[in-house]
Amino acid sequence: MSAATGTTGVEGFGAPLPRDFYLQDTVAAARALINCVLIYAGPDGLTAGRISETEAYTRDDPACHAYRRRTARNETMFGPPGHAYIYFTYGMHHCFNAVTAPEGIAEAVLVRAVEPLAGLELMRQRRGLSSKAGMPGRHPATETERARMREGVALCGGPGRLCQAFGLSRAQNGSDLTEAASLWIAPPRAAVGPPDPEAVVATRRIGISQGVERPWRFYLRNDPYISRR
DNA sequence: ATCTCGATAGTCT
DNA sequence: GACTATCGAGATC
């Protein structure tokens, strides 16, 4: 067991979701990934977070990178399901996706935000944010909790932010998410459970100019850990 | 709270 | 040459 080292193994976050999870309908997968846990045990430490915001991209969707044709950039979307599609955009940001649909069919779920669960100090370093050491218990519990939420959003509230906080880049593009080797997605923790379908909000996707009418962005009502209201 | 804009480089027309 | 599944800063209300 290497639980104490924090570099390998399941670490109490659960075994990876099976390959079949990624073979369900991509829009359904985007909903089902809410509350699941993203874990990356990288060379300099482990970070983990509860997936709080997702978007679906399908083959017949003009906003999908693979809508036009297969290229070097979108190649992993055409590969087997359950792998990471990580791309570089805007000259400075990375975005993390989970590939869905059978091999040859290019669909994926973009993870837009997570609630930080582990490795927060590492996330602060990578994001260039200070830890604000002090913060004595003088504040009301509600105020402390609000500060925790604000920091969580600053660390991982947005696709570019979460990739920076987790240390993800094109180096991890194509990683198999169904192996607990280093980058994987586990089911929701027992104390949290899968998302209540009634509580899942569906809105327009962010930052696209085509296919804007498809309500394929998902998050939980009242969840503070999202990229935008 | 909401807006506008600049940074910065890979990808595609 | 244009566009981009973004972010952060600064202006403005």
Side-chain angles (χ1 to χ4, degrees), chain A residues 22 25-31 33-34 38 47 49 51-79 81 83-101 105-116 123-130 132 146 149-175 177 183 185 201-219 222 224-229:
Chain A
Y22 301 95
D25 173 83
T26 296
V27 175
R31 289 175 163 272
L33 278 169
I34 299 291
L38 176 65
T47 46
I51 294 173
S52 50
E53 179 182 344
T54 61
E55 287 179 357
Y57 289 86
T58 65
R59 63 179 172 284
D60 62 342
D61 165 16
C64 181
H65 282 176
Y67 178 65
R68 290 182 173 278
R69 75 186 105 269
R70 189 169 183 155
T71 67
R73 183 208 205 189
N74 62 33
E75 181 62 28
T76 66
M77 283 187 90
F78 285 87
H83 287 247
Y85 169 48
I86 301 175
Y87 65 88
F88 182 69
T89 190
Y90 287 107
M92 59 184 88
H93 298 295
H94 295 272
C95 292
F96 168 84
N97 301 252
V99 173
T100 54
I105 298 178
E107 307 199 344
V109 176
L110 170 69
V111 177
R112 287 193 55 89
V114 309
E115 170 192 357
M123 293 181 184
R124 290 183 193 105
Q125 289 171 18
R126 290 171 175 154
R127 293 272 301 124
L129 303 177
S130 63
K132 295 195 165 76
R146 285 156 71 91
M149 290 172 176
R150 278 196 305 274
E151 188 192 31
V153 172
L155 290 173
C156 296
R161 287 174 175 178
L162 84 85
C163 279
Q164 187 178 28
F166 275 67
L168 296 175
S169 70
R170 278 171 294 186
Q172 288 76 41
N173 182 38
S175 298
L177 298 172
L183 178 62
I185 300 176
V201 181
T203 72
R204 298 182 155 201
R205 293 169 292 176
I206 305 280
I208 57 170
S209 55
Q210 298 175 77
V212 288
E213 70 288 349
R214 304 185 186 208
W216 288 350
R217 174 187 181 225
F218 303 104
Y219 58 88
N222 299 327
Y225 297 99
I226 61 175
S227 60
R228 291 204 221 169
R229 285 277 144 212

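Here is the naming used below: chain letters follow the sequence lines, and residue numbers restart at 1 for every chain. Owing to the predicted nature of the structure, the values given are computational and were not obtained by experimental measurement.
With no hydrogens or angles considered, a side-chain donor-acceptor pair links A:Tyr85 and A:His65 at under 3.5 Å. A donor-acceptor pair shorter than 3.5 Å cannot be found between the side chains of A:Arg126 and A:Gln164.
Residues meeting the ring-ring contact (aromatic ring centres under 6.0 Å, His included) test with A:Phe78, sequence neighbours left out: none. Among residues two or more places apart in sequence or in another chain, the side chain to side chain donor-acceptor pair (under 3.5 Å) test is passed with A:Arg146 by none. Residues meeting the side chain to side chain donor-acceptor pair (under 3.5 Å) test with A:Arg59, sequence neighbours left out: A:Glu107. A:Arg217 pairs by the salt bridge (charged side-chain N to carboxylate O under 4.0 Å, His left out) definition with A:Glu53, not counting sequence neighbours. Under the side chain to side chain donor-acceptor pair (under 3.5 Å) criterion, A:Gln125 pairs with no residue at all, not counting sequence neighbours.
Sorted by first and then second residue, the pairs that involve residues 207-216 of chain A and meet salt bridge (Lys or Arg N to Asp or Glu O under 4.0 Å), not counting sequence neighbours, are A:Asp60-A:Arg214. For residues 166-175 of chain A, the pairs satisfying side chain to side chain donor-acceptor pair (under 3.5 Å) are A:Tyr40-A:Gln172, A:Thr76-A:Asn173, with sequence neighbours left out. The side chain to side chain donor-acceptor pair (under 3.5 Å) analysis of residues 88-101 of chain A, with sequence neighbours excluded, yields the pairs A:Thr26-A:Thr100.
Side-chain contact between A:Ile51 and A:Tyr219 is absent, with no heavy atoms from C-beta onward closer than 4.5 Å.
Contact footprint of chain A on DNA chain B: nucleotides with an atom under 4.0 Å from a non-hydrogen protein atom, first to last in 5' to 3' order, B:dA7 to B:dT13.
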Restricting to nitrogen or oxygen on both sides, can you table the protein-nucleotides 10-13 of chain C pairs closer than 3.5 Å?
none

Dump every N/O contact between nucleotides 4-8 of chain C and the protein below 3.5 Å, one line per pair.
residue	atom	partner	partner atom	Å
C:dT4	OP1	A:Ser209	OG	3.0
C:dA5	OP1	A:His65	NE2	2.8
C:dA5	N9	A:Tyr87	OH	3.3
C:dA5	N7	A:Ala63	O	3.2
C:dA5	N7	A:His65	NE2	3.1
C:dA5	N1	A:Asn97	OD1	2.5
C:dA5	N3	A:Tyr87	OH	3.1
C:dT6	OP1	A:Arg112	NH1	3.0
C:dT6	O3'	A:Gly160	N	3.4
C:dT6	O2	A:His93	NE2	3.0
C:dC7	OP1	A:Pro159	N	3.3
C:dC7	OP1	A:Gly160	N	2.9
C:dC7	OP1	A:Arg161	N	3.0
C:dC7	O4'	A:His93	NE2	3.1
C:dG8	OP1	A:Arg127	NH1	3.0
C:dG8	OP1	A:Arg127	NH2	2.7
C:dG8	OP2	A:Arg161	NE	2.6
C:dG8	OP2	A:Arg161	NH2	2.5

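Looking only at distances, no side-chain donor or acceptor of A:Ser227 sits under 3.5 Å from a matching main-chain atom of A:Gly158.
Within 4.0 Å (heavy atoms only), A:Arg204 reaches no atom of the nucleic acid at all.
With a 3.5 Å limit on both pairing distances and Watson-Crick or G-U wobble geometry required, the stems of 3 or more pairs in DNA chain C span B:1-7 with C:6-12, B:9-12 with C:1-4.
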